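Contents: one structure, followed by commentary.
Just so it is clear, the structure is predicted and the values come from calculations on it, not from any experiment.
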Amino acid sequence: MRRSPRPKLRLVPRTLLASAVLGSLFAGTTAQAQQEKKEPQEQAVQSVVVEASRVSQIGIADTASAGVITQKQLEARTVYRAGELLEAAPGLIVSQHSGEGKANQFYLRGFNLDHGTDLRTTVDGMLVNQRSHAHGQGWTDLNFMIPELATRLEYRKGPYFADEGDFSSAGAVSVRYANVLPEGIASVGIGSNGFRRTLLANSPVVGNGHLLYALELFRNDGPFLVGDDYRKINGVLRYSEGNAASGFNLSAMGYHGSWHSTDQVPSRAVADGSLGRYAAVDQTDGGSAYRYSLSGEWHRNSETTSTLVNAYMIHNRLDLFSNFTYFLDDPVNGDQFGQPDRRVTTGINASQLWRTTLLGRESENKVGVQLQNDNIFNGLYSTVAQQRISGTRDDHIVESSAALFVENTTRWTDTFRTIAGLRADYFRFDVNSKLTPANSGSANDSKLNPKLNLVFGPWNKTEYYFNVGGGFHSNDARGATISVDPKTGDAADKVSPLVRSKGIEVGLRTEIIPGLQSSLSLYRLDFDSELTFAGDAGTTEAGRPSRRTGFEFSNYYKPTNWLTIDADVAFARARFRDVDVVGQRIPGAVEGVASLALAVDNLGPYFGALQLRYFGPRPLLEDNSVRSQGTATLNGRFGYKLNASTKIELEGYNLTNRRDAAIDYYYASRLPGEPAAGVNDIHFHPIESRSFRVSLNTTF
């Protein structure tokens with residue numbers, strides 16, 4: 001993509017557990033059957049999940065780059081913000097380029113995924129990515145998530161899974177909440193920079209089931225000159241009945257947050273001392289958001305079939321105010337803009353699996369349907385101190401999609417199985433552009449994508465994988481119907497509503513060394529185009545075809561009953577596939593990523609953890625003439641169990657107090673007194689300085 005004066009250069013680009021209860025009933029079934037059974041069994045194996053270390057994926061996973069993180073592992077992580085829980089997935093970096101409360105920034109497999117494009121994220125089957133969002137396609141706001149309720153995190157990478165659709169080309173992460181808590185939870189925490197947190201959760205017996213409730217109150221300022229003043233309230237209410245074979249749950253969730261934004265700052269102003277590292281040019285940036293959802297899930301398992309249905313309705317609202325270029329476009333009023341987004345999302349996912357034989361071999365077939373509709377009202381306005389002075393876009397969007405997938409898993413021999421799938425997606429976009437009627441219209445598109453996974457082994461506790469498949473991501477609906485640039489009035493080109501991706505991967509997974517689980521994957525991922533909708537400008541930027549190649553090496557080692565070690569390293573080479581004199585690098589594309597986590601427990605009353613994460617320098621221009629610096633953080637925690645039900649924990653963040661950046665962009669901005677054309681510069685958002693939090697946690 002060529003240089004843009006805008007900073008939002010987003011370059012887009014089963015299961016767990018062989019169940020302790022039902023596993024013996026289906027000992028001869030295939031890995032896919034084990035995958036399908038996992039979700040209905042969650043309630044029955046709750047206590048097992050809590051105590052288990054990482055679950056073996058030999059005979060279960062379809063690729064080397066898929067896995068399951070248990071509740072015990074999730075509990076050991078030190079997270080500054082709720083979204084960082086996803087960093088349990090190897091090679092995934094979760095960051096922030098603006099004020100708390102805003103959706104996180106994600107990096108994975110050579111992508112700067114901006115706020116979630118090409119990383120499909122679900123919580124209890126509800127899609128978190130928001131389509132045709134005011135600020136960024138695939139907007140993934142995880143601030144409503146309560147880590148203590150997460151019993152399992154599953155991750156998959158690449159377009160090789162028939163039941164994963166939009167946004168999943170780079171990867172997909174699924175978080176599952178508990179139906180029943182082993183014990184009630186009460187937690188109170190205080191810390192540096194105005195941190196305060198209170199949590200109360202329990203799941204008492206009510207009628208024939210359990211009523212889980214959770215309430216979280218949270219506040220944090222961060223180290224900024226004018227604090228984030230991020231305040232949020234989270235609530236969950238869930239009623240569940242049943243067991244592994246048959247059951248259901250009904251859930252209501254509510255979240256509300258508000259914050260002041262300290263956005264990225266120009267390096268030149270920090271270097272000359274005119275602006276502090278934790279200051280901001282426009283101190284009126286900020287936002288507020290809420291999310292309310294109703295959802296339900298029903299499952300039924302037998303020896304020969306598995307049925308799963310979940311449905312949801314989500315009401316999201318965001319009011320976001322940002323200023324990245326300061327006084328470049330408007331030297332009098334400044335360049336702050338407001339991006340309101342209000343939507344109701346409804347969806348249903350249903351699948352049926354039946355076990356049979358194929359040519360005398362164990363086989364199973366799965367068919368599923370996924371429906372989603374988004375009724376969206378959003379816009380783009382010029383603002384001063386969050387007060388509108390003019391409008392660029394004001395749109396009503398209805399985006400609907402339907403998907404049908406089929407999948408067959410057959411175990412041909414004791415050491416060879418195949419998983420073959422086919423997925424069909426259809427999208428329809430309807431846009432009513434109120435300020436520029438010429439940009440109104442309708443569009444539709446469809447994609448048919450085959451998937452094939454070959455699994456060889458195990459031999460000597462080692463499996464080998466070959467995976468190939470197609471995927472896609474949707475573009476913003478407004479780009480599919482645009483005809484006039486809303487700022488300049490010039491003619492604008494429509495973009496393809498759906499953009500195809502193609503992936504190929506080879507890998508292995510081994511447990512040949514006692515206590516050590518390792519996986520290695522080599523992959524290539526192509527996109528036909530990296531088209532993105534520039535939400536800050538109201539126009540569509542046409543990108544170029546791209547290719548990412550890389551490897552990931554993941555290790556989980558438990559040498560003793562008191563120590564676990566996670567060590568992961570990944571590298572990606574991201575390039576545009578066409579030839580252009582501006583260069584072949586993809587700006588912002590992450591290259592090297594590494595993490596090391598140590599967790600200590602079962603040492604009497606003491607426990608603790610250390611987490612080192614690193615993501616390396618990235619090109620900021622196509623010709624690689626400007627690059628970011630690398631970023632490294634060391635977090636940790638130390639805890640003491642006062643008794644069987646009460647513990648105290650001290651958590652520390654950025655313990656080495658490094659002055660690194662969470663994100664870097666290169667673009668033109670203008671400060672007062674600078675030339676009218678502005679100054680090209682690196683703009684960065686600093687990582688938070690060293691800070692500590694202490695919490696008292698009790699169960700009841």
Side-chain angles (χ1 to χ4, degrees), residues 74 79-86 94 96 98-104 115 121 123-124 126 128 130 139-150 175 177-178 181 184-204 211-222 224 226-239 250-262 285-295 312-321 340-345 386 651 688 691 693-698 700:
L74 294 174
V79 297
Y80 187 86
R81 50 184 66 91
E84 290 181 4
L85 196 70
L86 271 59
V94 180
Q96 180 58 272
S98 189
E100 299 301 318
K102 193 174 179 179
N104 294 116
H115 298 290
T121 305
V123 175
D124 280 343
M126 295 181 286
V128 182
Q130 296 180 40
W139 177 268
T140 303
D141 184 353
L142 287 164
N143 288 293
F144 72 93
M145 192 166 62
I146 301 177
E148 288 86 349
L149 300 186
V175 176
Y177 270 10
L181 297 174
I185 304 170
S187 176
V188 177
I190 60 173
S192 309
N193 302 320
F195 170 79
R196 303 288 187 273
R197 183 178 188 256
T198 303
L199 173 68
L200 181 65
N202 201 4
S203 55
L211 182 65
L212 182 147
Y213 64 84
L215 178 65
E216 178 192 34
L217 305 176
F218 183 99
R219 184 183 185 274
N220 191 37
D221 280 333
F224 302 101
V226 177
D228 281 325
D229 193 23
Y230 176 44
R231 302 167 183 263
K232 73 173 177 179
I233 179 170
N234 264 332
V236 175
L237 196 63
R238 165 173 290 182
Y239 180 76
L250 298 172
S251 304
M253 301 183 188
Y255 157 77
H256 186 275
S258 62
W259 63 93
H260 165 264
S261 290
T262 301
D285 291 353
S288 64
Y290 65 66
R291 178 191 185 276
Y292 302 108
S293 68
L294 295 173
S295 62
Y312 57 89
M313 179 173 64
I314 311 169
H315 181 34
N316 279 292
R317 179 164 184 166
L318 173 72
D319 287 291
L320 182 65
F321 300 90
D341 190 283
R342 175 168 52 93
R343 67 183 58 214
V344 175
T345 300
Q386 301 190 13
E651 296 179 303
E688 291 73 16
S691 62
R693 299 172 181 177
V694 62
S695 62
L696 181 65
N697 309 293
T698 186
F700 58 93

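With sequence neighbours excluded, the residues forming a side-chain hydrogen bond (donor to acceptor under 3.5 Å, both in side chains) with T698 are T646, listed by chain and number. Taking R231 as the reference, R219, D229, S258 meet the side chain to side chain contact (heavy atoms under 4.5 Å, CB included) condition, with sequence neighbours excluded. Considering only residues two or more places apart in sequence or on other chains, S691 meets the side-chain hydrogen bond (donor to acceptor under 3.5 Å, both in side chains) condition with none of them. F224 is linked by a ring pair (Phe, Tyr, Trp, His ring centres under 6.0 Å) to Y278, H685, counting only residues two or more places apart in sequence or in another chain. W259 meets the ring pair (Phe, Tyr, Trp, His ring centres under 6.0 Å) test with no other residue; sequence neighbours excluded. Evaluation of the side chain to side chain contact (heavy atoms under 4.5 Å, CB included) rule for A252 yields L294 as partners, not counting sequence neighbours. Shown here are the salt bridge (charged side-chain N to carboxylate O under 4.0 Å, His left out) partners of R197, two or more places apart in sequence or in another chain: E148, E216. When the side chain to side chain contact (heavy atoms under 4.5 Å, CB included) test is applied to S251, the partners found at least two apart in sequence or on another chain are R238, N249, S295. With sequence neighbours excluded, the residues forming a ring pair (Phe, Tyr, Trp, His ring centres under 6.0 Å) with Y290 are Y292, H315, listed by chain and number. Residues satisfying the ring pair (Phe, Tyr, Trp, His ring centres under 6.0 Å) test with Y239, not counting sequence neighbours, are none. The side-chain hydrogen bond (donor to acceptor under 3.5 Å, both in side chains) test applied to Y312 returns Q372, not counting sequence neighbours.
Listed here is the closest heavy atom pair of S293 and I314: CB-CG1, 4.0 Å.
Applying the salt bridge (Lys or Arg N to Asp or Glu O under 4.0 Å) rule to pairs touching residues 250-262 yields nothing, sequence neighbours excluded.
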Show, in sequence, the C-alpha distance, side-chain angles and deciding distance for D141 and R291, and conclude whether the side-chain contact (heavy atoms from CB on, under 4.5 Å) test is met. CA-CA 9 Å; D141 184 353; R291 178 191 185 276; over 6 Å; no
